[in-house]
S.K.: 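Before I ask anything, let me first share the structure, which is written out below as structure tokens.
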Amino acid sequence: MSRHRAGGTTRLPRRLRFLAKLLLAVVVLTWAPTVAQAAFSDRDTAALSVGTYDIPAPAGVTGTIDCSLLKMFVTVAITDFGVVPRATEYTVTLTGPAGVVTTHTVSPTKRATTITRMSMLNGTYTLRIWASVGTWTGDPAVYPIKC
């Protein structure tokens, strides 16, 4: 028994089936990405708000200043200074006439410290206090001290 028929009539349906499958594959591959994209075309975004905060200098300082030992030692006892909203800490520095600095960190709830600086030079000392909010620092309040 022969598998082939006269005139090649069995080859035409195979070719048609192949072309139909090829056409179906092309249509599916062409439309599938479009269908997938349609599922993700709607976007929902969160609201974003950006602002700035200018950290002010602490206002007003209460305390005492003691210039002793031939005006070469200065001790500043701070009992309070102005609150800066949102401050996470305060930094207090006392700079001598030669430019050497003593630094204290003060908690926002305490706002009191005693700081001393010695200098071999007579002259003006400078007290600075500034607030920090996280890693950001504000402008310092500057107080010159003349002994």
Side-chain angles (χ1 to χ4, degrees), residues 3 8 10-147:
R3 292 184 176 181
T10 57
R11 288 194 159 255
L12 188 58
R14 282 187 188 168
R15 285 185 186 154
L16 281 177
R17 280 194 310 250
F18 173 74
L19 291 174
K21 289 178 185 178
L22 182 64
L23 180 63
L24 180 64
V26 168
V27 168
V28 167
L29 291 176
T30 301
W31 289 98
T34 305
V35 172
Q37 287 174 359
F40 301 104
S41 65
D42 187 23
R43 294 183 185 190
D44 189 18
T45 58
L48 177 63
S49 176
V50 177
T52 61
Y53 176 57
D54 184 23
I55 304 169
V61 174
T62 57
T64 59
I65 299 170
D66 182 23
C67 297
S68 61
L69 193 62
L70 302 174
K71 301 180 183 181
M72 297 175 88
F73 276 97
V74 172
T75 300
V76 179
I78 299 171
T79 56
D80 198 11
F81 50 84
V83 174
V84 174
R86 301 183 191 146
T88 54
E89 73 177 11
Y90 295 94
T91 303
V92 178
T93 64
L94 183 58
T95 306
V100 181
V101 180
T102 300
T103 304
H104 286 188
T105 301
V106 180
S107 77
T109 56
K110 186 177 175 185
R111 293 193 325 275
T113 190
T114 299
I115 190 167
T116 301
R117 176 80 253 150
M118 182 204 138
S119 178
M120 299 305 267
L121 301 173
N122 287 335
T124 302
Y125 291 78
T126 305
L127 178 69
R128 289 182 179 87
I129 304 172
W130 64 88
S132 297
V133 177
T135 58
W136 300 92
T137 57
D139 297 325
V142 181
Y143 303 96
I145 301 169
K146 184 79 173 159
C147 289

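Keep in mind it's a predicted model, so treat the numbers as computed, not measured.
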S.K.: How close do L121 and A98 get, heavy atom to heavy atom, and via which atoms?
M.R.: CD1-CB, 3.8 Å

S.K.: So which pairs with a foot in residues 102-115 pass salt bridge (Lys or Arg N to Asp or Glu O under 4.0 Å), sequence neighbours left out?
M.R.: D80-R111

S.K.: Regarding T95 and T126, do their side chains bring together a donor and an acceptor under 3.5 Å, going by distance alone?
M.R.: no

S.K.: According to ring-ring contact (aromatic ring centres under 6.0 Å, His included), does anything in residues 99-121 pair up with another residue at least two apart or in another chain? List the pairs.
M.R.: none

S.K.: Can you confirm whether more than 12 heavy atoms, excluding those of Y53, are under 6.0 Å from its OH atom?
M.R.: yes

S.K.: Could you report the tightest heavy-atom contact between G82 and P58, atom names first, then the distance?
M.R.: O-CB, 3.5 Å

S.K.: Taking all heavy atoms of P56 and all of A131, pick out the closest pair and write down the distance.
M.R.: O-CB, 4.4 Å

S.K.: Does any non-hydrogen side-chain atom of I145 lie less than 4.5 Å from one of V76?
M.R.: yes

S.K.: Does anything in residues 116-147 form a ring-ring contact (aromatic ring centres under 6.0 Å, His included)? List the pairs, not counting sequence neighbours.
M.R.: none

S.K.: Not counting sequence neighbours, which residues clear salt bridge (Lys or Arg N to Asp or Glu O under 4.0 Å) with D66? List them please.
M.R.: none

S.K.: Compare all side-chain heavy atoms of T62 with those of I78 and state whether any distance is below 4.5 angstrom.
M.R.: no

S.K.: Does any non-hydrogen side-chain atom of V61 lie less than 4.5 Å from one of I129?
M.R.: yes

S.K.: With sequence neighbours left out, what residues match T109 under side chain to side chain donor-acceptor pair (under 3.5 Å)?
M.R.: S107

S.K.: Tell me which pairs pass ring-ring contact (aromatic ring centres under 6.0 Å, His included) where either residue lies in residues 69-90, with sequence neighbours left out.
M.R.: F81-Y90

S.K.: Which atom pair, heavy atoms only, marks the closest approach of S132 to T137?
M.R.: OG-CG2, 3.3 Å

S.K.: Apply the test side chain to side chain contact (heavy atoms under 4.5 Å, CB included) to residues T116 and V74: give CA-CA distance (whole Å), side-chain angles for both, the deciding distance (0.1 Å), then the verdict.
M.R.: CA-CA 6 Å; T116 301; V74 172; over 6 Å; no

S.K.: A side-chain contact here means heavy atoms from C-beta on lying under 4.5 Å apart; do P108 and T88 qualify?
M.R.: no

S.K.: For T114, check side chain to side chain donor-acceptor pair (under 3.5 Å) against everything at least two apart and list the hits.
M.R.: none

S.K.: Scan for salt bridge (Lys or Arg N to Asp or Glu O under 4.0 Å) pairs involving residues 123-147, sequence neighbours excluded, and state none if there are none.
M.R.: none

S.K.: Going by side chain to side chain donor-acceptor pair (under 3.5 Å), name the residues that satisfy it together with T102, two or more places apart in sequence or in a different chain.
M.R.: R117

S.K.: Among residues at least two apart in sequence or on other chains, which ones pass side chain to side chain donor-acceptor pair (under 3.5 Å) with S119?
M.R.: none

S.K.: Check side-chain contact (heavy atoms from CB on, under 4.5 Å) between T103 and all other residues, then give those that pass, not counting sequence neighbours.
M.R.: T91, T93, V101

S.K.: Give every residue pair that meets the salt bridge (Lys or Arg N to Asp or Glu O under 4.0 Å) criterion with at least one member in residues 18-28, sequence neighbours excluded.
M.R.: none

